[in-house]
Amino acid sequence: MPELPEVEILKRQLIQVISGAKILKISILDEKLGPPINLAGRTIISLSRKGKELHIGLDDGNTLLLHLRMTGRLLWQEDSALQLPHTRFSITFSHGRLDLIDPRRFAHFKVEKEPIGSHTEAMDPLNGFSVRLIGETGRKKKLPIKSFLTNQRLIAGIGNIYACEILHAAKLSPLRKTCDLSPRERALLADSATAILSKAIACRGTTVSDWRDLFGQKGEYQDCLKVYGRKGEPCPRCGAAIERLKLAGRGTYFCPACQI
DNA sequence: CCCTATGTTCCCAA
DNA sequence: CTTGGGAACATAGG
């Protein structure tokens, strides 16, 4: 469920709440997440985001890697009595508890020794995303531009909702072949991605079903969506009816009149 | 029962 | 090798 803006919000809130804090206990309540681990006594020394993945650095050199996938969410609980259904792990601190809640159990969690170790760096749309990079990587790609945008090995963090919105802002059909984009179109695409993701972060994410931030609050960006989930409604830019098609198994919303 | 869902991975076919 | 389609993972909701 969370894409780049939502994970960025969680990261910033976690920095406020658990940066420098010491772990008292960690309970893995779903064996699918991995074997029990003992992190008692470890201190959180860093928090970062890579695409949709959260990296929690510990003082013993280990890093906790968390990917929320479709329905995972993190919740900061100060009332220790409250435990929501589908809670999959709890990390207890002296001043509260961090819970992972995940009905569909798709979330991934692992402990890694490597401090940084990445081989193929995907571009981050908020850091180093440029027309030049879209050009270099996309010039040879014949896949639809929407598939290019959502391919995490090429660009880290854009998911289904924001891909639809970015393509609408850039006036590009989701089916356009990536290699066919002109320099002007690539520039508009890069600008649109930066603008939409930044605004979504400023709006604290998109709550169309169950996204909540670390404190259980909804986002605001759902009120800014132009095409996602709006099949049959008029395009805010040109008035034509929004269409929906299926691309790579995902619902894809676009305006057939002004996205070409 | 049908379909849908903010994600990723794997298998198979063209 | 590249691309696309479909299924799988597991659960809730319309």
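What's counted below: heavy atoms across the whole structure, side chains too, no hydrogens, waters or symmetry copies. Order of the sequence lines sets the chain letters (A, B, ...), proteins ahead of strands, with each chain counted from 1.
- Among pairs with a residue in residues 171-214 of chain A, none fulfils ring-ring contact (aromatic ring centres under 6.0 Å, His included), at least two apart in sequence or across chains.
- Comparing the P positions of B:dT8 and C:dC1 gives an interatomic distance of 24 Å, to the nearest angstrom.
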**Prompt:** Do A:Arg88 and A:Asp102 pass the salt bridge (Lys or Arg N to Asp or Glu O under 4.0 Å) test, and can you show the C-alpha distance, the side-chain angles, and the key distance before you say yes or no?
**Reply:** CA-CA 7 Å; A:Arg88 307 302 181 191; A:Asp102 184 22; 5.4 Å; no
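- Applying the salt bridge (Lys or Arg N to Asp or Glu O under 4.0 Å) test to pairs two or more places apart or on separate chains, none has a residue in residues 250-260 of chain A.
- The separation of B:dC10 from C:dA10, taken at their P atoms, amounts to 15 Å, rounded to a whole angstrom.
- Note: CG (A:Asp102) to P (C:dT11) measures 10 Å, nearest angstrom.
- When the C1' atom of B:dG7 is taken as reference, atom CZ of A:Phe109 falls 19 Å away, rounded to whole Å.
- For the residue pair A:Tyr162 and A:Thr150, no side-chain donor N or O sits within less than 3.5 Å of a side-chain acceptor on the partner.
- A donor-acceptor contact closer than 3.5 angstrom links the side chains of A:Asp213 and A:Gln13.
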Anything under 3.5 Å between a protein N or O and an N or O of nucleotides 1-6 of chain C, put it in a table, one pair a line.
residue	atom	partner	partner atom	Å
C:dT3	OP1	A:Lys142	N	2.7

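- The ring-ring contact (aromatic ring centres under 6.0 Å, His included) analysis of residues 222-260 of chain A, with sequence neighbours excluded, yields the pairs A:Tyr228-A:Tyr253.
- Within residues 205-214 of chain A, the residues that place at least one heavy atom under 4.0 Å from DNA chain B are, in residue-number order, A:Thr206, A:Val208, A:Ser209, A:Asp210, A:Trp211.
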Please list, pair by pair, any protein nitrogen or oxygen found under 3.5 Å from a nitrogen or oxygen in nucleotides 8-14 of chain B.
residue	atom	partner	partner atom	Å
B:dT8	OP1	A:His67	NE2	3.0
B:dT8	OP2	A:Lys52	NZ	2.9

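- Using a 5.5 Å limit on the distance between ring centres and a 30° limit on the angle between planes, the aromatic ring of A:Phe106 does not count as stacked on the six-membered base ring of C:dA10.
- Backbone-only contact: A:Tyr228 has heavy atoms under 4.0 Å from sugar-phosphate atoms and none from a base.
- Other members of the cluster containing A:Leu75 are A:Leu84, A:Ile101, with ILVMFWY side chains joined at under 4.5 Å, either directly or via other members.
- Protein atom CG of A:Asp30 is 13 Å distant from nucleotide atom C1' of C:dT11, rounded to whole Å.
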All N/O contacts under 3.5 Å from nucleotides 12-14 of chain C to the protein, with atom names and distances to one decimal?
residue	atom	partner	partner atom	Å
C:dA12	OP1	A:His86	NE2	3.2

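- Helical stems involving DNA chain B, defined as 3 or more consecutive Watson-Crick or G-U pairs under 3.5 Å, span B:2-5 with C:11-14, B:7-14 with C:2-9.
- Residue-environment remark: NZ (A:Lys22) stays at or below the threshold of 12 foreign heavy atoms within 6.0 Å.
- Legend: salt bridge (Lys or Arg N to Asp or Glu O under 4.0 Å) pairs involving residues 67-86 of chain A, not counting sequence neighbours: none detected.
- Looking only at atom types and distance, the side chain of A:Tyr221 has no donor-acceptor partner in the side chain of A:Glu6 under 3.5 Å away.
- Taking atom P on both C:dA7 and B:dC2, the two are 13 Å apart, rounded to the nearest angstrom.
- Remark: the A:Lys146 side chain and the A:Asn160 side chain contain an N/O donor-acceptor pair separated by less than 3.5 Å.
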Can I get a per-line list of side-chain donor-acceptor pairs under 3.5 Å for residues 191-198 of chain A, giving both atom names and the distance, sequence neighbours left out?
residue	atom	partner	partner atom	Å
A:Ser192	OG	A:Leu188	O	2.7
A:Thr194	OG1	A:Ala190	O	3.0
A:Ser198	OG	A:Thr194	O	2.6

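- Residues satisfying the side-chain hydrogen bond (donor to acceptor under 3.5 Å, both in side chains) test with A:Glu8, not counting sequence neighbours, are A:Lys11, A:Arg12, A:Arg49.
- Computed from coordinates, the A:Lys32 NZ to C:dA8 C1' distance equals 10 Å when rounded to whole Å.
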